[in-house]
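Numbered from 1 within each chain, the chains take letters A, B, ... in sequence-line order. These figures come from a predicted structure and were not determined experimentally.
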Number of protein chains: 2
Amino acid sequence: MNQRKVSIKEIAELSGVSVATVSRVINNNGRFSEETRKKVLQVIKDTHYETNNIAKSLRMKKSNTIGILVPDISNSFFANVVQEIESILFKKGYSTIICNTDRNEEKEEAYLRMLEGKMIDGLIVISGVKEFGSTAINKKTPLICIDRKPKDTKSTILIESDHYQGGFLATEELISKGCHNIAIIIHRDFLSSSKERLLGYQNALKKYQIPFKEENVIHVTVEEKMSRTEAAKAALLQKISEGYQFDGVFALNDRLAIGAIHAILDLGKKVPEDIKVVGFDNDPISKYCYPCLTTIRQDNMLIAEQACENLLALIDGTRKDMKKHQVIPVTLVSRAST
Amino acid sequence: MNQRKVSIKEIAELSGVSVATVSRVINNNGRFSEETRKKVLQVIKDTHYETNNIAKSLRMKKSNTIGILVPDISNSFFANVVQEIESILFKKGYSTIICNTDRNEEKEEAYLRMLEGKMIDGLIVISGVKEFGSTAINKKTPLICIDRKPKDTKSTILIESDHYQGGFLATEELISKGCHNIAIIIHRDFLSSSKERLLGYQNALKKYQIPFKEENVIHVTVEEKMSRTEAAKAALLQKISEGYQFDGVFALNDRLAIGAIHAILDLGKKVPEDIKVVGFDNDPISKYCYPCLTTIRQDNMLIAEQACENLLALIDGTRKDMKKHQVIPVTLVSRAST
DNA sequence: TTGTAAGCGTTATCAG
DNA sequence: CTGATAACGCTTACAA
């Protein structure tokens with residue numbers, strides 16, 4: 001019962017027509033009689049014929065495939081966005097090649113070459129490390145960036161969350177719950193997203209006339225083999241041991257926030273009674289930690305939708321009024337930690 | 001500076017040789033003079049030529065692409081395994097098409113058709129729902145299953161964790177910490193992995209001469225729009241309200257375990273002092289919840305390695321002594337919850 | 001309405 | 001050592 005792979009040519013022979021006609025029927029393209037249509041379709045059914053997309057791609061110079069570059073698929077934010085993108089594109093008839101770059105520039109470069117060889121119709125780069133000026137795919141391949149823009153700052157479209165708003169909302173939440181002395185925990189301060197979040201924090205303070213103090217900014221560096229959570233915990237404990245006092249924490253992501261909570265609990269204080277905590281990302285762990293973590297939710301779904309929509313428009317050439325920088329609103333998810 | 005895509009033919013012309021020779025040089029295949037080699041390579045470099053893998057695949061009937069079917073990429077176990085597989089295969093020169101099936105049989109079927117059209121060289125199915133007997137890819141496409149075997153039970157290779165051992169270790173841990181009355185929380189009891197874990201639980205009890213009681217088995221059903229965690233918490237609270245007593249919990253996955261912990265804490269009891277808890281999977285949340293969760297770690301890395309190794313052997317035809325059922329050991333990760 | 005044939009970019013066979 | 005050329009499976013003018 002092991003049917004060999006059957007080609008359009010054999011369908012033609014079995015149906016008593018030419019390959020051209022079969023092709024027309026398959027693609028519902030051009031004219032043919034109802035009779036031949038029926039016959040061809042029947043033969044296709046019988047033989048379990050499936051179009052060879054490789055050949056089709058070669059001929060059409062279109063692969064119906066798009067590439068996604070992602071730094072780390074096991075990060076929940078990335079995983080979610082990718083999953084959503086994949087799902088949307090699938091419905092549109094595109095398949096997706098997901099490339100996990102490990103934030104490694106060489107790997108990224110290698111993937112780009114591979115993708116080019118596969119004649120991808122478009123590319124989505126999430127938080128990419130590489131500047132795309134010199135790369136293999138600098139041609140006309142439609143490109144959308146999410147979360148971070150490559151240095152080659154020309155005309156590529158960037159889609160990202162409203163990090164400023166996120167910082168503002170998080171801080172406002174703490175203030176509204178009575179905090180006056182709010183620590184902010186930052187990991188990668190060079191990221192534009194981090195800077196925006198910090199700015200939101202500062203402006204929220206200003207709005208409520210709370211002075212911004214430099215000593216409230218806690219920078220954590222994550223050593224090799226150490227998680228962000230551990231690093232944040234250690235940094236906070238260190239600072240406290242030096243006499244630092246505070247009544248609220250805004251951590252720039254949920255992993256850091258959990259670290260802060262652990263530190264606080266270890267000292268015998270209570271969250272949220274003694275100190276309140278807000279994170280960022282709405283990582284699943286924020287729902288499962290104890291106490292549950294108030295956090296800022298990025299709209300992964302909308303980011304994905306917008307990325308796909310723009311990319312497809314770019315591919316189809318129906319590029320109307322696409323903004324170069326698209327900012328997606330975030331929302332506060334209020335939980336037990338505040 | 002926008003170079004059009006350049007083909008082997010143009011390389012030939014620019015180098016003053018034939019396409020055949022260029023092909024030979026590129027693939028280091030056949031004989032050619034050092035001189036021509038140098039010239040051709042130089043032209044390739046100058047023009048930024050990149051092989052068109054679509055054309056190559058068509059000709060070679062080999063795409064150097066493998067497909068992965070995965071139920072849910074945002075599940076940490078799956079995400080990890082997929083990530084690892086992708087990384088290994090990439091090093092071997094294969095690219096990977098990751099297909100997220102959402103446990104949806106139609107989507108799975110559609111993906112299989114798509115993958116066939118892409119002439120994939122091999123397929124890895126993680127916890128698949130479909131029986132592959134009738135499907136598009138029943139040909140000779142090499143196939144490896146992870147975690148669950150499709151019904152069509154013929155000769156496909158299955159790689160999975162030692163679920164029995166996991167159940168045993170988890171239960172033994174609880175017993176060794178003084179538990180005598182251990183609840184077991186089960187979600188999908190029809191899965192063979194669940195059955196094995198239960199069996200391990202029972203045999204561990206037997207080893208320590210603790211009688212197995214049916215009332216200790218808590219089945220949770222997860223309603224639409226409810227997380228496993230919430231469902232487990234609700235189920236446990238319900239049971240307790242009926243007067244049920246216990247001093248330890250073995251939950252068949254970490255999400256369920258977290259639910260149990262939340263239930264226990266809500267009742268004013270302490271973990272691990274009053275009740276101890278063990279989960280399964282070593283989900284990242286197990287490290288970040290409070291208290292941190294003792295759990296069973298599946299060896300994702302080894303599973304991935306073994307899957308790739310077997311698949312590549314199948315593809316190359318160097319299929320020596322491959323066992324049809326390969327069982328990967330698991331380990332206990334002891335944390336605060338016990 | 002249908003068939004013929006060219007061509008997409010490669011590799012492999014067969015002569016030279 | 002190198003060059004023509006067929007073939008991979010498909011789409012699409014152009015003819016009929």
5′-ward residue of the pair Thr21(B)/Ala55(B) relative to DNA chain C: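 Final value for this comparison: Ala55(B).
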Phosphate oxygens OP1/OP2 of dG3(C): is one of them under 4.0 Å from a side-chain N or O of Ser18(A)?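 Ser18(A) to dG3(C) OP1/OP2: side-chain N or O found under 4.0 Å.
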Could you tell me how far apart Lys9(B) (NZ) and dA6(C) (P) are, to the nearest whole angstrom?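 Spelled out: NZ on Lys9(B) to P on dA6(C) is 14 Å.
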Measure from the side-chain heavy atoms of Tyr49(B) and tell me the nearest of dT5(D), dT10(C), dC10(D).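 That would be dT10(C).
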Between Asn80(B) and Gln298(B), does any side-chain donor sit less than 3.5 Å from a side-chain acceptor?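 No - no donor-acceptor pair under 3.5 Å links their side chains.
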For Phe32(A), which residues count as a ring-ring contact (aromatic ring centres under 6.0 Å, His included) partner, sequence neighbours excluded?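 ring-ring contact (aromatic ring centres under 6.0 Å, His included) list for Phe32(A), sorted by chain: empty.
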Distance in angstrom units between Asn52(A) CG and dC8(D) C1', rounded: 8 Å
Can you name the side-chain hydrogen bond (donor to acceptor under 3.5 Å, both in side chains) partners of Glu84(B), sequence neighbours left out?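 Scan of Glu84(B) (side-chain hydrogen bond (donor to acceptor under 3.5 Å, both in side chains), adjacent residues dropped) gives none.
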Sorted by number, the residues of residues 23-38 of chain A with heavy-atom contact under 4.0 Å to DNA chain C: Arg24(A), Arg31(A), Phe32(A), Ser33(A), Thr36(A)
With sequence neighbours left out, which residue pairs that include part of residues 80-99 of chain A fulfil the ring-ring contact (aromatic ring centres under 6.0 Å, His included) condition?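 Matches after skipping sequence neighbours: Phe90(A)-Tyr111(B).
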Using whole Å, what does the distance between atom P of nucleotide dT11(D) and atom CG of Asn53(A) come to? 9 Å
Does Arg37(A) have any salt bridge (Lys or Arg N to Asp or Glu O under 4.0 Å) partners at least two apart in sequence or in another chain, and if so, which? Glu34(A)
Please list, chain by chain and in numerical order, all residues satisfying side-chain hydrogen bond (donor to acceptor under 3.5 Å, both in side chains) with Glu106(A), sequence neighbours excluded. none
Report all side-chain donor-acceptor pairs from residues 299-306 of chain A shorter than 3.5 Å, counting only partners two or more places apart or in another chain.
unit_1	atom_1	unit_2	atom_2	d
Asp299(A)	OD1	Leu302(A)	N	3.2

By salt bridge (Lys or Arg N to Asp or Glu O under 4.0 Å) - contacts of Asp72(B) (at least two apart): none
Could you give all pairs that pass the ring-ring contact (aromatic ring centres under 6.0 Å, His included) test and reach residues 52-85 of chain B, with sequence neighbours left out? none
Run the side-chain donor-acceptor check on residues 54-61 of chain B: report pairs under 3.5 Å with partners two or more places apart or on a different chain.
unit_1	atom_1	unit_2	atom_2	d
Ser57(B)	OG	Asn53(B)	O	2.7
Ser57(B)	OG	Lys62(B)	O	3.4

Check this for me, if you would: do Glu109(B) and Arg113(B) make a salt bridge, where the nitrogen-to-carboxylate-oxygen distance has to be below 4.0 angstrom?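 Looking at Glu109(B) and Arg113(B), the cut-off is met.
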Near DNA chain D, under 4.0 Å by heavy atom, which residues of residues 57-66 of chain A?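 Listed by number, they are Arg59(A), Met60(A).
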Kindly point out which of dG3(C), dG9(C), dC10(D) is positioned nearest to the side chain of Ser7(B)? dG9(C)
To the nearest 10 degrees, what angle separates the axes at the start and end of the helix from dT1(C)-dA16(D) to dG16(C)-dC1(D), five pairs each? 50°
